[in-house]
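The structure appears right after this line, and notes come after that.
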There are 2 protein chains.
Amino acid sequence: MKGKEIILGLLDTQGPLTGYEINEIIQNQLNHFYDGSYGMIYPTLRKLEEEGLVDKQQVNQTEKPNKNVFSILPEGKALFQKALHADLKGETFKSDFLLKLYFGDQLTKQQRRNLLQQELDFKQLKLDALHANQDEWQRNGITENQQFTVDYGIATYTAQIQVLKKELQRL
Amino acid sequence: MKGKEIILGLLDTQGPLTGYEINEIIQNQLNHFYDGSYGMIYPTLRKLEEEGLVDKQQVNQTEKPNKNVFSILPEGKALFQKALHADLKGETFKSDFLLKLYFGDQLTKQQRRNLLQQELDFKQLKLDALHANQDEWQRNGITENQQFTVDYGIATYTAQIQVLKKELQRL
DNA sequence: GACATCATGTAACACGTTACATGATTGC
DNA sequence: GCAATCATGTAACGTGTTACATGATGTC
């Protein structure tokens, strides 16, 4: 699944949304298994509209800036269903941290420690955010499957934090 | 770090290599934190040569097809060092599996089970490959840091396999 | 004769990133 | 006056993917 299908999926399961709201969901709920930005969201929404897969409605607001609310159309729903039932694609993971360590034979002990510590802090932040967000999310309703994606993320981060801590102690 | 720097890094740390050998290393040793293919390797090698960062030498072989062996040049080494000491970039992770589950409220129980089972099989394969490869790798020499990247991968996959199994049992 | 391994490459395309550019409203 | 939040978008670029295209040598 790519940006296009993910936006369709969000519109299909959460109802009409603005580009801004789509970004919020991606940053908060999909953060640990997908990564998107405005630079992808707005151009994609425009394309989806051009292709007749979504519908745009302008909403004027007085206390806030005006906004464009997008709704999914039947053609969009069909395309999303197709994507949802397509063959499972492999995941991609790229880690600058592991690459640097892999090549980092020439690094000093202090530089290695720094790398490990930075990565540890980073992962810890991610884990905290996941926990914090889960509480928020549960109040607005979360499905069993979505809860599982959170559990999966927590388990992954927790295991990684453990390995990082262990290695830091060893050094 | 991107393809360009990774290839430079491999040539710097492992000595002269062919495109084919670079691919082998990426598939076997970097597999769990980087993903590259011939479609990236050969065009990148050509660019590196054009930029004067690597040197190409044709080697004729009798028992095997002829090959092009690439060596890193001082300019290439400098660029690689720069990349190695640059700020740590965040990682990217994209999981088709988690995306489908996230959106998969409408999926039947059987479809969910299939997804989980497929992902479990997939992760198990990755873990087995990592273990198998480690043995091979250790014989040819592995640095402490490289050993850590393996441990990190094993810990991650193991944790994920556990969550997947638990969820499968629950269903 | 078929298959695995070694070996190299291109062309067209898709996709997303980065940087830029703007601006209203609310609350401190 | 300033920061935070809400809100939208484009242009240029970089990077990698997909599909295609080829072929030698060794081994079962």
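For clarity, every value in this text was computed on a predicted model and none was experimentally measured.
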Could you give the [atom1]-to-[atom2] distance, from [X] to [N], as a whole number of Å?
{"X": "A:L45", "N": "C:dG16", "atom1": "CG", "atom2": "P", "answer": "13 Å"}
{"X": "A:Y42", "N": "D:dT8", "atom1": "OH", "atom2": "C1'", "answer": "5 Å"}
{"X": "B:K2", "N": "C:dC15", "atom1": "NZ", "atom2": "P", "answer": "19 Å"}
{"X": "B:N68", "N": "C:dT10", "atom1": "CG", "atom2": "P", "answer": "11 Å"}
{"X": "B:K94", "N": "D:dG16", "atom1": "NZ", "atom2": "C1'", "answer": "12 Å"}
{"X": "B:Y38", "N": "D:dT18", "atom1": "OH", "atom2": "P", "answer": "16 Å"}
{"X": "A:N60", "N": "C:dT25", "atom1": "CG", "atom2": "C1'", "answer": "15 Å"}
{"X": "B:I41", "N": "D:dG16", "atom1": "CD1", "atom2": "C1'", "answer": "12 Å"}

Check your understanding: Which comes earlier along DNA chain C counting from the 5' end, the contact point of A:G3 or that of B:P43, where each point is its nearest nucleotide?
Key ->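 Residue closer to the 5' terminus by nearest nucleotide: B:P43.
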Donor-acceptor under 3.5 Å ([X] side chain, [Y] main chain):
{"X": "B:H32", "Y": "A:F93", "answer": "no"}
{"X": "A:D12", "Y": "A:L8", "answer": "no"}
{"X": "B:E119", "Y": "B:L116", "answer": "no"}

Point to revise | B:D121 side chain to B:Q117 side chain, donor-acceptor N/O pair below 3.5 angstrom | key: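 Side chains of B:D121 and B:Q117: pair found under 3.5 Å.
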Point to revise | Donor-acceptor pair between A:Y152 and B:E167 side chains, under 3.5 angstrom | key: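 Not at all, the side chains of A:Y152 and B:E167 share no donor-acceptor pair under 3.5 Å.
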Check your understanding: Does C:dT8 have OP1 or OP2 sitting under 4.0 Å from an N or O in the side chain of B:R46?
Key ->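 Indeed not, no polar side-chain atom of B:R46 lies that close.
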Review point. Of A:K67 and A:G39, whose closest DNA chain D nucleotide lies nearer the 5' terminus?
Key: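 The residue closer to the strand's 5' end, by nearest nucleotide, is A:K67.
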Review point. Touch check for A:G36, heavy atoms < 4.0 angstrom, all strands: base, sugar-phosphate only, or nothing?
Key: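 Result for A:G36 = nothing.
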Point to revise | Residues touching DNA chain C, which here means a heavy atom under 4.0 Å, drawn from residues 4-28 of chain B | key: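 Under 4.0 Å from DNA chain C: B:T18, B:G19, B:Y20.
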Practice item. Determine whether the aromatic ring centres of B:F103 and A:F80 lie less than 6.0 Å apart. Key: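 Between A:F80 and B:F103, which both carry aromatic rings, the centre distance is below 6.0 Å.
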**Study point:** Options C:dA7, C:dG9, D:dG16, nucleotide nearest the side-chain atoms of B:M40
**Key:**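 Output: D:dG16.
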Check your understanding: Can you tell me how far the CG atom of B:L45 sits from the OG1 atom of B:T18, to the nearest 0.5 Å?
Key ->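 Going from the CG atom of B:L45 to the OG1 atom of B:T18 covers 9.0 Å.
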